[in-house]
Amino acid sequence: MKRLTLLFGALLAAALCTLPTADAAAQPKPTKYNLCRKHPADGPYIVYDAEKGAYAATADKRGRVRVMPYGGGPVEVRSSRGAYLFSVTPHVVERGPRELPQAPKLFVTSDLHGDFRSFATLLQAHGVIDDDCRWSYGNNQLAVIGDIFDRGYDVLPLLWLMYKLEQEAADAGGAAVLLLGNHEGMVLAGDVRYTRGKYLETARQLGMENYRQLFSPDTELGRWLATRNTMLRIGRNLFVHAGLSARLLERDLEMDTLNARMSEGLYRTSKERREDPTLEFLYRSAGPVWYRGMVCADEKYDPLTPEQTDALLRRYDADRLLVGHTIFPDISTFHDGRVIAVNVQNELNRRKNRGRAVLIEGSRISVVGNRGVKRVLEE
C-alpha cells in the first residue's frame, strides 16, 4: 500500500510539473509550472538586451527569477536543486571544424536530456573531467551527438558544461564537441512538448513571449548553439544525431553545406522551415536529426539497404557512423558494425544514475560505463 501511495504521489507531482495555469501573464508569483519543489532552480541565462543592457537571470530554489546586471566575467552554475556545480566565463564563439584528426582516446555519448548527474559521473569515471567539472582529458576528445534539451531538470548545467569544456579542451590540445539533435531543433523552433514547465516559467517571469527567446542570438548560449554543427567526422568516424537516409544521399549535400543550412534553420519555426524546401527536408523524418532507418527495420522508417549504407559512408568518406536518437537497452551495432547506436535506455539510467558511452582508442572500440569497460565491439 505504501508503494502504491508513493507511486501515486510521484505521478501527481509529475503531472503538476507541466500543468499550465490560466492567465499566466497576470500571475505575480511562480505558477503551477513550478510545483516540482525538488528541482526549481534554473539558469544562468546571459542576455544581451539592446534596451535593458546585459543581464544574467537565474531561478532560485523557490523558483523565483532574479536578474542582475552582467558586465562580464564568471557566473556560477547550479543544479536544479540549487547546489553549486562550477563557474563559467563567456568566451569567443566560433563554428567548430567539421573534421578533426582522431586523438588517442575518443569518448562518445548522446541524448543527455537534462540529466547532469549521469553525464558528469560518467565523464569523471573515465577521467574526462575532474571532481570540479574541469577538463582533464588532455589532448583527447569528447563528442556528444545531440539532444541536451527536454525531459530532464538540468538542461542549463549541461549546456554550460559543454560550452566550458569546449574552451578548456581546446586549450589542452583536445576537443569537446556538441552536435545538434532533434530536440535542439524543436525547442528553438518553439516546440516545447517535452520541455519541463519550470523552464517555461523562467521565460514567463522574464516577460519573454516564449522559452526559445532565452536562447535567441541575443544570448550567450544562443550565440553558441547557432554555431553548433550537425555532422562531424573524426578520423574515419562520422557522427550525426539520428542517421543518414537514401533521400539525403540523392541530394548530395556537402558537409559544410548541410551544417550551414541546419544552423540557418535552427531558429525558424516549423512553418518558416516549410517555406524552404531544403530546410523542410533537413528538419523532417528523412533528415539527419530525425531519420531512424539506419537502426530500425520497420518499413515505416524507410530502412537502408546494405548498398545504400556503403554509398553513404563512401560519400562522406568514413568507415562507420555513430548515431543517437533511437533508444536501445544497450549500445548496439547495425550493418555489420558500420553503424553504432549509442543512445541507451534513458529512464533506467536516470533512475540508477549511470550512463553508457563508446570509447574509441585507435582501432579498438569499447562500450564503457561508470565502472570501466563493459565489452569490446571491435579490436
Here the pair of heavy atoms bringing R228 nearest to R95 is O-NH1, 3.4 Å
Shortest non-hydrogen contact from L313 toward D319: CD1-O, 3.7 Å
Take D276 and R268, measure what side chain to side chain contact (heavy atoms under 4.5 Å, CB included) needs, and give me the verdict at the end. CA-CA 11 Å; D276 183 311; R268 297 192 189 185; 4.2 Å; yes
Side-chain heavy atoms of T58 within contact of E76, under 4.5 Å: no
Residues V88 and P90: closest non-hydrogen pair is O-CD, 4.0 Å
Which value, rounded to the nearest 0.5 Å, describes the distance between L165 atom CG and L123 atom CG? 7.5 Å
Hey, are E280 and R273 close enough for a salt bridge, meaning a charged N less than 4.0 Å from a carboxylate O? no
Can D130 and S136 be counted as having a side-chain donor-acceptor contact under 3.5 angstrom? no
Tell me whether E264 is salt-bridged to R261, with the criterion being a basic N under 4.0 Å from an acidic carboxylate O. yes
Salt bridge check, E254 against R98: does any charged N sit closer than 4.0 Å to a carboxylate O? no
Considering residues, nucleotides and ligands other than R247, do more than 12 of their heavy atoms fall under 6.0 Å from its CZ? no
Kindly compute the distance separating CG (D147) from CG (L112), expressed to the nearest 0.5 Å. 8.5 Å
Are F328 and L321 connected, step by step, through hydrophobic side chains (Ile, Leu, Val, Met, Phe, Trp, Tyr) whose heavy atoms are closer than 4.5 Å? yes
Interatomic distance, OG@S216 vs OH@Y48, rounded to 0.5 Å, equals 11.0 Å
Which atoms form the tightest heavy-atom contact between A176 and A169, and what is the distance? N-CB, 3.7 Å
Hey, what do you get for CD1 (I365) to CG (L377), rounding to the nearest 0.5 Å? 6.5 Å
Are side-chain heavy atoms of M294 and L244 found at a separation under 4.5 Å? yes
Any ion pair linking R223 and D218 (charged N to carboxylate O, less than 4.0 Å)? no
Do H126 and K105 touch side chain to side chain, with heavy atoms closer than 4.5 Å? no
Without swapping roles, check the side chain of K198 against the backbone of A41 for a donor-acceptor pair under 3.5 Å. yes
Does any non-hydrogen side-chain atom of V368 lie less than 4.5 Å from one of F107? yes
Which heavy atom of C296 sits nearest a heavy atom of P303, and at what distance? O-CB, 3.5 Å
Without swapping roles, check the side chain of N259 against the backbone of M231 for a donor-acceptor pair under 3.5 Å. yes
Heavy-atom count around Y194 OH within 6.0 Å, excluding the residue itself: above 12? no
Trace of the side chain to side chain contact (heavy atoms under 4.5 Å, CB included) decision for F119 with L161: CA-CA 10 Å; F119 181 56; L161 180 60; 3.9 Å; yes
Nearest 0.5 Å please: distance from the CD1 atom of I360 over to the CD1 atom of I234. 8.0 Å
Do the side chains of E220 and V93 get nearer than 4.5 Å, heavy atoms only? yes
For A318 and R233 the tightest heavy-atom approach is CB-CD, 4.5 Å
Donor-acceptor pair, distance only, cut-off 3.5 Å: does the side chain of D150 make one with the backbone of V187? no
Rounded distance (nearest 0.5 Å) linking atom CD1 of I145 with atom CD1 of I340: 9.0 Å
More than 12 heavy atoms of other groups within 6.0 Å of E209 CD: no
Could you go step by step and tell me if L248 and L258 meet the side chain to side chain contact (heavy atoms under 4.5 Å, CB included) rule? CA-CA 10 Å; L248 179 67; L258 185 148; 4.0 Å; yes
Short side-chain to backbone donor-acceptor contact, S110 and G146, under 3.5 Å: no
Is a salt bridge present between K300 and D298, judged by a nitrogen-to-oxygen distance below 4.0 Å? no
So V144 and L158, do their side chains get closer than 4.5 Å, heavy atoms only? no
Do the side chains of D330 and R375 get close enough for a salt bridge, i.e. N-O under 4.0 angstrom? yes
Mark yes or no for whether E361, through its side chain, and S366, through its backbone, hold a donor-acceptor pair below 3.5 Å. no
With sequence neighbours left out, which residue pairs that include part of residues 277-318 fulfil the ring pair (Phe, Tyr, Trp, His ring centres under 6.0 Å) condition? W290-H325
Side-chain touch V289/M262, heavy atoms, less than 4.5 angstrom: yes
Is there a donor-acceptor pair closer than 3.5 Å between any side-chain N or O of E184 and the backbone N or O of I148? yes
Side-chain heavy atoms of D42 within contact of L156, under 4.5 Å: yes
Is a side-chain donor or acceptor of Q141 paired with a backbone partner of P101 at a separation under 3.5 angstrom? yes
Look at R134 together with D132 and state whether they make a salt bridge at an N to O cut-off of under 4.0 Å. yes
Paired with F215, the ring pair (Phe, Tyr, Trp, His ring centres under 6.0 Å) test is passed by just one of Y199, W224, Y45, Y267, namely Y45
Is a side-chain donor or acceptor of D191 paired with a backbone partner of R193 at a separation under 3.5 angstrom? yes
Assigning hydrophobic clusters by single linkage (Ile, Leu, Val, Met, Phe, Trp, Tyr; side-chain heavy-atom cutoff under 4.5 Å), is V373 placed with L142? yes
Ionic contact status for E378 with R320, cut-off 4.0 Å: yes
Does any N or O in the side chain of W160 come within less than 3.5 Å of the main-chain N or O of F86, such that one atom is a donor and the other an acceptor? no
Before accepting this row, confirm whether a basic side-chain N of the pair R204/E201 lies closer than 4.0 Å to the acidic partner's carboxylate O. yes
Candidate pair F149 and L159, rule side chain to side chain contact (heavy atoms under 4.5 Å, CB included), full reasoning: CA-CA 9 Å; F149 280 96; L159 288 170; 3.9 Å; yes
Would you confirm whether E168, through its side chain, and W135, through its main-chain N or O, come within 3.5 Å as a donor-acceptor pair? yes
Do R196 and S80 have side-chain N/O donor and acceptor atoms under 3.5 Å apart? no
